Amino acid sequence: QPLAPQGPFDAIVHKLSDVIVEADEIPPLSFTLQTYVSTHPSTVLLDPLPAMTRLLDRFASYRIMSKLHNSLRDWRICSPPYLEVHRASDLPSIQQAVMAQGLSFPLICKTRVAHGSLSHEMSLIFSAGSLADIHPPCVLQSFVNHGAVLHKVFVVGDKHFCVERPSLKNFPSRKTIFFNSHQVSKPESSSDLTALDEQMPCLPPPSSQAVDALVRELRVQLGMALFGVDVIINIHTHTLTVIDINIFPGYEGVPQFFSSLLNHIESVLDKQTSTTSSLKTTTGGPPAGL
Ligand SMILES: Nc1ncnc2c1ncn2[C@@H]1O[C@H](COP(=O)(O)OP(=O)(O)OP(=O)(O)O)[C@@H](O)[C@H]1O
Ligand SMILES: O=P(O)(O)O[C@H]1[C@H](O)[C@@H](O)[C@H](OP(=O)(O)O)[C@@H](OP(=O)(O)O)[C@H]1O
Ligand SMILES: [Mg+2]
């Protein structure tokens, strides 16, 4: 349905990531929405499409992650080293690129496309010979041993919430493991890939000040306020390690989600109203249309 007759809208909250990735309608829904917002500048789109679209590409989001250790130096926050593999090429060149980048095995291979049903198929690669198992375009990211605990940080406006989830355990070297990430890190996930068989030392959760700093930095870097960050703690160094960023995630396990979303929408609309009224005072009103 065309949007204009359904309006006017003060704000539109969307989860268009899957629709964009799997778009088959013409014109794409994202185009229809962007056109509506361009012709109705007082409507706020949460989150803005260009910022959100950037995160559909792991090449782009992992570049942002890799700069965090610089901007957040005081907090000892980092992300694992990784390699972008743009296209299929012969095994020796991929092996050489892995070595040149200083990556250590095991490596997690993730699709370049970060969202949508096909983006969660991953593999854990244990040796240079097994690099033949990858399907570019993809990223190869060093596996960090973290005691099989994932900390999902869910951001809603100026609030954020941390939820613990199961996560991949450490494996001795073996043949490539192919898995779907939703098998391992959903609240209900129960998998051999996450069940710890030896007694692991219990790691402290990430420091709340470090997580505050991380979220503050990412809000600015991403230009978004509805996103998730997946964090693990390196069992050897205790470094807070960012492994993934997600667009408008499920917020499962965050009971305050809807009230926080409402507060965020209200605060965005209040800002919008005060910007419009200060524009009217300084310019004597909006410019006349043709
Ligand atoms: N570098 C890493 N080191 C150790 N474990 C990792 C690493 N990267 C990913 N994992 C494990 O693999 C799982 C899936 O990774 P990732 O979050 O990138 O996938 P995803 O498909 O984007 O999942 P989601 O939709 O929940 O974000 C993580 O929850 C974690 O258990
Ligand atoms: O299916 P895609 O478009 O890739 O998006 C997923 C995100 O990547 C995940 O982060 C969400 O899971 P979490 O809410 O567990 O982070 C996941 O949440 P959901 O399973 O609750 O919908 C999705 O939002
Ligand atoms: Mg993700």
Side-chain angles (χ1 to χ4, degrees), residues 13-23 30 47 52-62 64-66 78-83 103-126 138-156 160-171 177-196 203 222 224 226-237 239-254 257:
V13 183
H14 68 94
K15 163 103 186 186
L16 277 184
S17 40
D18 288 7
V19 181
I20 293 175
V21 167
E22 282 149 28
S30 55
D47 277 325
M52 191 222 84
T53 311
R54 190 161 58 133
L55 287 192
L56 292 174
D57 180 359
R58 277 195 232 264
F59 288 177
S61 61
Y62 284 26
I64 296 170
M65 273 160 40
S66 69
C78 70
S79 64
Y82 73 100
L83 174 73
L103 299 184
S104 55
F105 289 94
L107 297 172
I108 296 214
C109 178
K110 309 183 187 183
T111 54
R112 177 176 184 174
V113 175
H115 281 266
S117 52
L118 297 176
S119 68
H120 306 296
E121 299 298 335
M122 309 197 163
S123 56
L124 197 50
I125 293 178
F126 293 87
C138 57
V139 293
L140 292 168
Q141 187 186 50
S142 283
F143 178 88
V144 173
N145 192 1
H146 57 284
V149 178
L150 175 72
H151 302 271
K152 284 214 165 251
V153 182
F154 291 123
V155 181
V156 202
H160 62 269
F161 306 89
C162 290
V163 171
E164 268 188 31
R165 294 271 180 90
S167 189
L168 280 186
K169 66 178 177 185
N170 205 28
F171 291 92
I177 299 174
F178 296 91
F179 67 100
N180 182 300
S181 62
H182 287 181
Q183 253 175 278
V184 299
S185 289
K186 286 289 172 188
E188 64 284 2
S189 300
S190 156
S191 156
D192 286 345
L193 301 178
T194 59
L196 285 175
L203 289 170
L222 303 176
M224 291 170 61
L226 300 169
F227 61 93
V229 196
D230 294 344
V231 168
I232 55 179
I233 306 288
N234 184 317
I235 59 160
H236 304 296
T237 61
T239 312
L240 195 160
T241 309
V242 179
I243 55 165
D244 196 38
I245 303 175
N246 295 306
I247 301 162
F248 202 4
Y251 295 92
E252 208 171 339
V254 181
F257 170 65

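Source: prediction; values computed, not measured. First listed ligand is number 1; within each ligand, the first listed atom is number 1.
- When only interatomic distances are considered, the shortest N/O to N/O separation between His182 and ligand 2 does not fall below 3.5 Å.
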Determine, step by step, whether Met65 and Gln141 satisfy the side chain to side chain contact (heavy atoms under 4.5 Å, CB included) criterion, reporting the C-alpha distance in whole Å, the side-chain angles of both residues, the deciding distance to 0.1 Å, and the verdict. CA-CA 12 Å; Met65 273 160 40; Gln141 187 186 50; 3.9 Å; yes
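- Of all atoms in ligand 2, numbered sequentially from 1 with element shown, those under 4.0 Å from a heavy atom of Pro249 are 14 (O), 16 (O), 24 (O).
- His14 places a side-chain N or O within 3.5 Å of a backbone atom of Asp47 that can act as its donor or acceptor partner.
- Scanning both residues, Ile125 and Phe105, for their nearest heavy atoms gives O-CD2, 3.5 Å.
- In this pair, His146 and Phe143 present their aromatic rings tilted. The plane angle is within the 30 to 60° band.
- Applying the 4.0 Å criterion to heavy atoms of Asn246 picks out, from ligand 2, the atoms 8 (O), 10 (O).
- A donor-acceptor contact shorter than 3.5 Å is absent between the side chain of Glu252 and the backbone of Lys186.
- Proximity of Lys152 to ligand 2, defined as any heavy-atom pair under 4.0 Å, is confined to the side chain (atoms from C-beta onward).
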Residues 55-62, side-chain donor-acceptor partners within the protein, below 3.5 Å, at least two apart:
from	atom 1	to	atom 2	distance (Å)
Asp57	OD1	Phe59	N	2.9
Asp57	OD1	Arg112	NE	2.9
Asp57	OD2	Arg112	NE	3.4
Asp57	OD2	Arg112	NH2	2.8
Arg58	NE	Thr111	O	2.9
Arg58	NH1	Asp244	OD1	3.2
Arg58	NH2	Ser119	O	3.0
Tyr62	OH	Lys110	NZ	3.1
Tyr62	OH	Ile243	O	3.1
Tyr62	OH	Asp244	OD1	3.0

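- The distance criterion of under 3.5 Å between nitrogen or oxygen atoms is not met by Ser185 with respect to ligand 2.
- Remark: the backbone N or O of Leu168 is not paired with any side-chain donor or acceptor of Thr194 at under 3.5 angstrom.
- One finds the SG atom of Cys138 at 12.5 Å from the CD1 atom of Ile108 (value rounded to the nearest 0.5 Å).
- At a cut-off of 2.8 Å, measuring from the Mg ion (ligand 3), the protein N, O or S atoms that fall short of it are Asp244 OD2, Asn246 OD1, waters left aside.
- One N or O on the side chain of Lys15 and one on the backbone of Phe248 form a donor-acceptor pair closer than 3.5 Å.
- Numbered from 1 in the order shown, with element, the atoms of ligand 2 that lie under 4.0 Å from a heavy atom of His120 read 1 (O), 2 (P), 4 (O), 8 (O).
- The shortest N or O to N or O distance between Phe154 and ligand 2 is not below 3.5 Å.
- Closest protein heavy atom to atom 14 (O) of ligand 2: Gly250 N, 2.8 Å.
- Counting only heavy atoms of the protein, atom 2 (P) of ligand 2 lies nearest to His115 ND1, 3.4 Å.
- Contact annotation for atom 22 (O) of ligand 2: protein absent (non-hydrogen atoms, distance under 4.0 Å).
- Taking both residues in full, the closest heavy atoms of Ser185 and Pro166 are given as OG-O, 2.9 Å, listed atom of the first, atom of the second, then distance.
- Every protein residue with a heavy atom nearer than 4.0 Å to ligand 1 is included here: Arg58, Tyr62, Pro80, Ile108, Lys110, His120, Met122, Gln141, Ser142, Phe143, Val144, His146, Leu150, Lys152, Ser167, Leu168, Ser181, His182, Ser185, Asp230, Ile232, Ile243, Asp244, Asn246.
- Between Asp18 and ligand 2, at least one pair of N/O atoms sits closer than 3.5 Å.
- Residue Lys186 places a heavy atom less than 4.0 Å from ligand 2.
- Counting atoms of ligand 2 from 1 in the listed order, those under 4.0 Å from a heavy atom of Arg165 are 15 (O).
- Distance alone, capped at 3.5 Å, is enough to place a donor-acceptor pair between the Lys169 side chain and the Asp192 backbone.
- Listed for the Ser191 side chain is a donor-acceptor partner under 3.5 Å among the backbone atoms of Leu193.
- Under the side-chain hydrogen bond (donor to acceptor under 3.5 Å, both in side chains) criterion, Glu121 pairs with Asn180, not counting sequence neighbours.
- With Ile232 as the fixed residue, the side-chain contact (heavy atoms from CB on, under 4.5 Å) test singles out one of Thr239, Val149, Asn145, Leu150: Leu150.
- Nearest approach of Ser66 to Ser79, heavy atoms of both residues: CA-OG, 3.4 Å.
- When every heavy atom of Asp230 is checked against every heavy atom of Lys152, the shortest pair comes out as OD1-NZ, 2.9 Å.
- At least one heavy atom of Gly116 sits less than 4.0 Å from an atom of ligand 2.
- Given atom 6 (C) of ligand 2, the protein heavy atom at minimum distance is Lys15 NZ, 4.0 Å.
- No donor-acceptor distance shorter than 3.5 angstrom exists from the side chain of His182 to the backbone of His120, with no hydrogens or angles considered.
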